[in-house]
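In this text, all values refer to a predicted model and were calculated from it rather than measured experimentally. Only heavy atoms go into these numbers, but all of them, side chains included; no hydrogens, no water, no symmetry mates. Letters A, B, ... are given to chains in the order of the sequence lines, protein chains preceding strands, and every chain is numbered from 1.
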Amino acid sequence: MIDCLIDNTYKTIDNKAVIYLYLINNILKDRNFKPYFYAELDKNKINLEDIENIKDFLLKNDLLKYVEKIDIVKKRILKEEKEILKIIATHPQKVPKLRKIKEIVKEIYEHDIPFAKRYLIDNDIIPMVYWDFEKNKVVSKDIPKLNMVAFDIEVYNEGKEPNPNKDPIIMASFWDGNGGKVITYKDFNHDNVEIVKNEKELIKKIIEELKKYEVIFTYNGDNFDFQYLKERAKLYNIKLELGREGEEIKIKRGISNKVYIPGRVHIDLYPIAKRLLKLTKYTLEDVVYNLFGIEKLKIHHKNIGLFWEDIDENLVEYSLQDAKYTYKIGIYFFPLEVMFSRIVNQVLFETTRMTSGQMVEYLLMKRAYLDNLIVPNKPDEKEYKRRLEVSYEGGYVKAVKGLYENIVYLDFRSLYPSIIITYNISPDTLDCDCCKDNSEKILGHWFCKKRIGLIPKTLKDLIDRRMKIKKQMAITDNKEIKELLNYEQLSLKILANSHYGYLAYPRARFYSKECAEIVTYLGRKYIKQAIEEAEKFGFKVLYIDTDGFYTTWKKKIDKDELIKKTKEFLNYINKKLPGLMELEFESFYRRALFVTKKKYAVLTDDNKIEVKGLEIVRRDWANIAKKTQKKVLEALLKEGNIKKAKKIIQETIKNLREGNIDIEDLVIYTQLTKKPEEYKTSAPHVELAKRLIREGKRVNIGDVIGYVIVKGAEKVSEKAKLPEEVSKEDIDINYYIENQILPPVLRVMEALNITKSELKKEEKQKTLDEFFT
DNA sequence: GCGGACTGCTTACCT
DNA sequence: ACAGGTAAGCAGTCCGCG
């Protein structure tokens, strides 16, 4: 049988756990897979007497009835190979009870790996590919053809937060590959509208519709749509039986909710957009605009009630567009998410909600299983706090100030992954007994020479696969295949680059501060060495950050000569570098303006400006400040025209003073990273959030608050208001000039040694040439 | 009692 | 809720000042 695994879970049938594998056309059930965990004793060899002791203990505590079997197995616990007990339980939900044996053994392991996920770790099956279930192998890596829909609801409200006990759902919209429709119960005039009798019928219809699809996209469906739908349905005694076998949806509560529909794939695109895009804020409209350049119709939540009362067809159009663009975003992210699901070897519902740290962990758990290595436990709160407190040195950073011409950027290809592989850095190879006496020490540690560690092995596999794909990409002309290969190489890269951070992540199972510290130590060693060699070769190194540096030639030379020298240098240095370590030519720049560490701008060969770290790329600066800094930078980098730069500043200030400005351009965005009352200091966005809460509005952790600064109070934090609350006359113009526009442009000008006082003087035009001599 | 220097908290960036 | 390094703003405190 050839089919594709899209979801899995387990159910309890006759008190037995049954694994469900939801394929596109079938549902497979596995009754033979049993939950288990491991127990380690103080000794390396285990005899039957030891097992009897455990059994006695379990019997005394009335737990033996939950044990199906106890086996002796040989496993490796990091560096140590030994016999341990495999305790097989009667049911996954009994495992937590059996953890009590921790009282009489040295340690227990793998007792908290969810049963359905455990199944995918232990068994040979990859989700989201066409799989041959007889031969247990991949048949095709095409993206599976699935029926997909985007779904969205509109809710009545009186200009406030909707209350599910009284505010009804008024509309639901759907969009699939063939178009879309809006279902409602008022007579709206719109081509795509379908009318039902009332809200109850609407809810029934929603259920009927959603059951036609395997994949359901929402935008914040985890925390809003399904939640609200469930509460409204309850009022009518309707159950949301959306599963493939009519199972009810499950709202898995946590820091963020997850809405699970057994046998289908609910993908909430909001967390995905947050993870994969770098935007100021993440409303559906923002994401659509950023991905596709489309301005979709927007109706503010507080006005939905009014449009409903007026039976305004714009509401239908808005709702339809919500579904349409949710679908478009879904289709856009789907291939990459499919790749993650395959590599991590867990189902899409899970991987689309995992952080990169969790993905790395599941990948490592799968590899550990294949390597007969025991998975270390998650740290308890105490251990977590201890880990949080220890810090270590990271990357090396050094910067010059000023403007330079003809520059190249050189960097190490995947510096940290190459170091990990080259030095075999892994918690299970760290300070092994077997290589203690014949290895050189790095920060007092060494790594096993006889066995490749879990992390280097996993990383090497990811990198090898990526290289292979890149080669395939180079020889294929088929655009579609190329695109898919590109998603695959991208997902492999993202996962490979997450391994170093994972090693130092305080909640990681395979945490090792020593390993992480050695990785950065070697990173610093190699970048410093490369710079030293470059200087000896004749380069002048300008700016260094972690794994790469910007450099010019010491004497004035042109582009071609510089690139020739660079190639010679790379050839020379790469011969000296060990293992996978490799320094690469990344790009050439006509000019670069370095302001401080982590803040600079470069002019590419095709005259484009790229900005790093400067206010232009930060969301917590008003648009007016960013626009001005950008124009100034352009005048300086592209034209070398200081006079023009000054003029831009003066014009902006003049416009602002004359009220010739859009309030939108004055909005400052700042994220709320904790509950407002938890802040130790006051800040504009915090004070504003506190007020909004007092007024009964909902403000969530993670929300990005947009505000403008108005006249009135002494402290800035007391002067923040929502943009829609103010008019131009309220704006504190002085604040915007002194605290928003001037500081960023002055910093840029000062990098050219133009001081504030000099700026104020009107003087003869200086050209950039003077700065290069 | 005032103003600048300094510190701690906070955010968002870079690699 | 993958790491450390970094700049910078704001609020609050410190410190000198015959």
Interface residues of residues 394-402 of chain A with DNA chain C (non-hydrogen, below 4.0 angstrom)
G394(A), G395(A), V397(A)
Stretch residues 342-366 of chain A: residues that reach within less than 4.0 Å of DNA chain C through a heavy atom
T355(A), S356(A), G357(A)
Main chain of R618(A), side chain of K626(A): is a donor-acceptor contact present, judged purely on distance under 3.5 Å?
yes
Presence of salt bridge, [Y] and [X], under 4.0 angstrom:
| X | Y | answer |
| --- | --- | --- |
| D545(A) | K598(A) | yes |
| K599(A) | E615(A) | yes |
| D461(A) | R465(A) | yes |

Separation of atom [atom1] in [X] from atom [atom2] in [N], rounded to whole Å:
| X | N | atom1 | atom2 | value |
| --- | --- | --- | --- | --- |
| L388(A) | dC2(C) | CG | P | 12 Å |
| Q629(A) | dA7(C) | CD | C1' | 13 Å |
| E714(A) | dA11(C) | CD | P | 10 Å |
| E389(A) | dA3(C) | CD | C1' | 17 Å |
| E514(A) | dA3(C) | CD | C1' | 15 Å |
| L742(A) | dG9(C) | CG | P | 12 Å |
| L746(A) | dG9(C) | CG | P | 11 Å |
| K513(A) | dG4(C) | NZ | C1' | 13 Å |

For K528(A) and E532(A), run salt bridge (charged side-chain N to carboxylate O under 4.0 Å, His left out): C-alpha distance rounded to whole Å, both residues' side-chain angles, the deciding distance at 0.1 Å, then the answer.
CA-CA 6 Å; K528(A) 286 180 185 174; E532(A) 207 177 294; over 6 Å; no
For [N], does OP1 or OP2 lie under 4.0 Å from any side-chain N or O of [X]?
| X | N | value |
| --- | --- | --- |
| T520(A) | dA3(C) | no |
| N739(A) | dC10(C) | yes |
| R747(A) | dG9(C) | yes |

Return the minimal non-hydrogen interatomic distance between R413(A) and M467(A), and the atom names on each side.
NH1-CE, 3.6 Å
So, for Y679(A) and T673(A), which heavy atoms are closest and what is the spacing to 0.1 Å?
OH-N, 2.9 Å
Regarding [X] and [Y], do their side chains bring together a donor and an acceptor under 3.5 Å, going by distance alone?
| X | Y | result |
| --- | --- | --- |
| Y502(A) | E361(A) | yes |
| K366(A) | Y362(A) | no |
| Y600(A) | Y550(A) | yes |
| Y423(A) | T429(A) | no |

When every nucleotide of nucleotides 8-15 of chain B is labelled 5' to 3' by its protein contacts under 4.0 Å (heavy atoms), B for base, S for sugar-phosphate only, - for none, what sequence of letters results?
-SSBBSBS
Have a look at [X] and say if it touches a base, only the backbone sugar-phosphate, or nothing, with a 4.0 Å heavy-atom cut-off.
| X | result |
| --- | --- |
| Y735(A) | sugar-phosphate |
| Y416(A) | nothing |
| P743(A) | sugar-phosphate |
| A504(A) | sugar-phosphate |

Can you find a heavy atom in the side chain of F412(A) that is under 4.5 Å from one in the side chain of I419(A)?
no
